[in-house]
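Let me begin by presenting the structure, written as structure tokens, before commenting on it.
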Amino acid sequence: MPIYEYRCQSCQNRVGIRMSFAEYGKKKVACPLCGGKDLQRVISRVRVAKSEDQRLDAMSDPSAFGDVDESDPKSMARALKKMGREMGEDLPPEFNEITERLEAGESPDAIEQSMPELGGAAGDEIGD
Ligand SMILES: [Zn+2]
């Protein structure tokens with residue numbers, strides 16, 4: 001069953017609601033966090049909720065990493081999401097924010113500057 005993502009207008013949290021395709025648009029949805037009923041569909045995330053098979057296909061596509069254009073935030077967002085999935089770990093909360101902002105067309109530099117804590121997270125330097 002797919003998970004549909006919404007942003008709750010009451011508590012501003014992004015929430016995922018699991019329902020069947022048939023239920024979607026008919027079922028009344030409420031925020032699982034605050035009970036708010038004013039939920040706004042988050043369209044841009046639909047394609048993330050792929051089936052496992054499709055995810056594996058995407059990962060095995062060598063061109064997926066090859067065509068990253070660093071001047072294109074959307075391209076970088078795609079690559080980041082792929083990397084995140086391949087790591088298979090719980091991603092830090094900033095990860096979603098970064099990819100969303102990239103998808104929205106913000107430049108990586110601007111995002112980095114607004115999130116100074118990213119500097120230390122990028123890599124563990126050895127031998128210091
Ligand atoms: Zn809420």
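Start at 1 and go down the list; that is how both ligands and their atoms are numbered.
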*Excluding waters, how many protein N/O/S atoms sit closer than 2.8 Å to the Zn ion (ligand 1)?*
4
*asked:* Less than 4.5 Å apart, side chain to side chain, heavy atoms only: is that true for Cys11 and Cys31?
replied: yes
*Side-chain touch Arg7/Val15, heavy atoms, less than 4.5 angstrom*: no
*asked:* Working note: Arg14 + Glu100, criterion salt bridge (Lys or Arg N to Asp or Glu O under 4.0 Å); need CA distance, chi angles, decisive distance, verdict.
replied: CA-CA 12 Å; Arg14 186 190 286 270; Glu100 277 165 24; 2.9 Å; yes
*Identify, with sequence neighbours excluded, every residue that meets ring-ring contact (aromatic ring centres under 6.0 Å, His included) alongside Phe95.*
none
*Will you find, in the side chains of Arg101 and Ser114, an N or O donor that is under 3.5 Å from an N or O acceptor?*
yes
*Pairing of Arg18 and Glu23 as salt bridge, 4.0 angstrom limit*: no
